[in-house]
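Structure first, commentary second.
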2 protein chains.
Amino acid sequence: MRRPTLEAVAARAGVSRATVSRVVNGSDTVRPEIRAAVLRAVEELGYVPNSAARSLVTQRTDSIGLVVSEPPSRVFSDDPFFSIVVRAVSQELENADKQVVLMLASSAAGHARVERYVAGGHVDGVILLSLHGSDPLPAALLRTGVPVVSHGRPVSTVRPPYCDCDNVGGARAAVEHLVGKGRRRIATIAGPPDMTAGLDRLAGYREVVSGSDRRSLVAMGDFTRESGAAAMRQLLEDDPDLDAVFAASDLMAIGAMHTLRKAGRRVPDDVAVVGFDDIEAARYTDPPLTTVRHPIAEVAQAIVRMLLSLEPGQRPEPVILPTELIVRDSA
Amino acid sequence: MRRPTLEAVAARAGVSRATVSRVVNGSDTVRPEIRAAVLRAVEELGYVPNSAARSLVTQRTDSIGLVVSEPPSRVFSDDPFFSIVVRAVSQELENADKQVVLMLASSAAGHARVERYVAGGHVDGVILLSLHGSDPLPAALLRTGVPVVSHGRPVSTVRPPYCDCDNVGGARAAVEHLVGKGRRRIATIAGPPDMTAGLDRLAGYREVVSGSDRRSLVAMGDFTRESGAAAMRQLLEDDPDLDAVFAASDLMAIGAMHTLRKAGRRVPDDVAVVGFDDIEAARYTDPPLTTVRHPIAEVAQAIVRMLLSLEPGQRPEPVILPTELIVRDSA
DNA sequence: CTGAAAGCGCTTACAG
DNA sequence: CTGAAAGCGCTTACAG
């Protein structure tokens, strides 16, 4: 079932290929009768332009790469972050009539593939997700000359333009809330130290704690429930008298609450818990989770707009969106 | 920053474009010295083949479309199903050196876009997700002649090949477990009636209930937490004496437990709860959720293999993977 | 084993 | 306003 070409449409409409091309591309320098005849032929033949041929001459592909750079261990995690970003990006790109090409790079081989793919001119731009400190991808992609933006501030020294939420301010608000509730021993479960979301939320915690004559008490996690549960066990061992914990993600807060329950601590009576992200699950925990809203979809939309308006050689300023403390029952 | 072409590599290596093409594509009919010279030139110039030009002549794109057909209301839900499928498909396709092009079709305009995109030869095959009864997409895509497979049995009369889990059997096992525990008034929160996962899980429930001289008690949901919470409220109103509920998704089970808690019912003492899917969150509810394991990633892998091995004109048999009851504390 | 040549299906100056 | 022609960057019979 061979698809009809421009040639076939031209023959049917009795015009040249150039004219068909003009009509198909919406040029307004075509006589109405001719346009109508061409459109009829297009319709009758079910003509759809071949995208490879078009890209070859226009040097555009009308697709954008969404590169997710994650270690294999987290690739199957059910972090809603991924899903929300993917959907928001697709939706926003849809308005610009562009497609999303998804690329997971979870290994060195994966990185090489992504790099080749981008260098092969397959996409007009790249959105980077989940950047880790040692990640060589940003530098490699920047070198291809293709426009690149990052969802979240990258750790690496070579920095593509990015959009992020106010991680430090959000963490600060969370911990200040705990201080305001009179909590004395406030611990934190931090995110991975090779991601800026991990670093910045920890920085916000430290600022408030050290500014209020409290001692800091830190355990590390990697944003997953399981790591939150493990970190909470560690924290209880380190200081059985703690009366509050700020987890750098809702998933870790959920894991922490699981551990607290098993240890017989009541939330918030014995230990107050605050999360970060305000994912939907935060409304369904027992008790419902007090957390910091992370405008994930809004950041994604901003990224897309940034990418689409990027002029060659230009370095736009980062965009930082505000967070908001959402008080529920856990703290 | 113009990228080097075959031409440039040929000039540098002192051979013809045909020879460079052969080396780049791994043909073994090239003399070793020449191959080495070409590879050196490729390296020095940083040559990467232009994919549009290659596709134009080979008529292949080495990418596969993943089409998610969902109403806008659910597009931003954080159902891990979406994330798991996307990741599993990418991973599996990576082994075959193919890329995933993600397409969300959440409106009539979206459908038209997807159809045009596929008809435009942008992808070599299509994987369909979240099919709803009235969805015109399967028929439209099948008409393009591009290979299509579906994740989950489609409702529509025109049926692409598919892979699914044993929804009926899984639901049966869940309800039999409740019967075995001596529960008398077993309700169900069903999925949407325009999706086979909704229909089949309800059918499994009905089979067991009606085969054990119990009355059925059904409320409808749409697989989300919120719908599960609302359905549970309805159920408690309809029959305050119910002592068990089978929810057709873990998310709905989580919503139902939320409602039960607010209504002062203890789980499982007053009301036993069983879910479906065994998402990670099921291990972190209070109490941990008894559920039916849905091998989402395995189904996705099977789909990809099916798609890649599809011969033109062939209609492979559906593949149905088994489910497994996971007993925890909620029932 | 290698090269000259045709051709994949489009777009876009350039003439007219 | 329209058409003839060149060209985008590859691959692949076909000769040799």
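A, B, ... follow the sequence lines: proteins, then strands. Residue 1 opens every chain. Everything quoted here is computed from the prediction, not taken from an experiment.
If you take atom P in C:dT2 and the same atom in C:dA6, they sit 23 Å apart, rounded to whole Å. Atom name P, nucleotides C:dC1 and C:dA5: the rounded distance is 23 Å, in whole Å.
For the pair B:N50 CG and D:dG9 P, the computed distance is 7 Å after rounding to whole Å. The CZ atom of A:R35 sits 10 Å away from the P atom of D:dC1 (whole-angstrom rounding).
In this structure, B:H151 and B:F81 have perpendicular ring planes: the angle between them is above 60°, well past the 30° mark.
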Exercise. With pairs defined as Watson-Crick or G-U wobble and both distances under 3.5 angstrom, please note down DNA chain D as a dot-bracket string, | for pairing with another strand.
Key: |||.||||||||.|||

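A salt bridge links A:D62 with A:K98: at least one charged nitrogen is closer than 4.0 Å to a carboxylate oxygen. For B:R113 and A:D97, the salt-bridge test passes: some basic side-chain N is under 4.0 Å from an acidic carboxylate O.
Between the side chains of A:R305 and A:N95, no donor-acceptor pair is found at a separation under 3.5 Å. Using modelled atom types, one finds a donor on one side chain and an acceptor on the other under 3.5 Å when comparing A:S83 with A:R87.
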Quiz item: What one-letter contact string describes nucleotides 2-7 of chain C from 5' to 3', where B marks a base within less than 4.0 Å of any protein heavy atom, S marks contact via sugar-phosphate atoms alone, and - marks no contact?
Solution: BBB-B-

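The closest donor-acceptor contact from the side chain of A:S16 to the backbone of A:T19 lies under 3.5 Å. No donor-acceptor distance shorter than 3.5 angstrom exists from the side chain of A:R60 to the backbone of A:S55, with no hydrogens or angles considered.
Between B:Q59 and the phosphate of C:dG9, there is a side-chain N or O to OP1/OP2 separation shorter than 4.0 Å. Between D:dG9 and B:T5, no contact under 4.0 Å exists linking OP1 or OP2 to a side-chain N or O. Using a 4.0 Å cut-off, some side-chain N or O of B:N25 falls inside it from OP1 or OP2 of D:dT11.
Around the CD atom of A:E33, the shell of radius 6.0 Å holds more than 12 heavy atoms that belong to other residues, nucleotides or ligands.
Across the interface with DNA chain C, nearest-nucleotide mapping of B:L56 and B:D28 shows B:D28 to be the residue nearer the 5′ end.
Checking C:dG9, D:dT11, C:dC10 against every side-chain atom of B:R54, the shortest atom distance belongs to D:dT11.
When all heavy atoms of A:P49 and A:R54 are compared, the closest pair comes out as CG-NH2, 3.4 Å.
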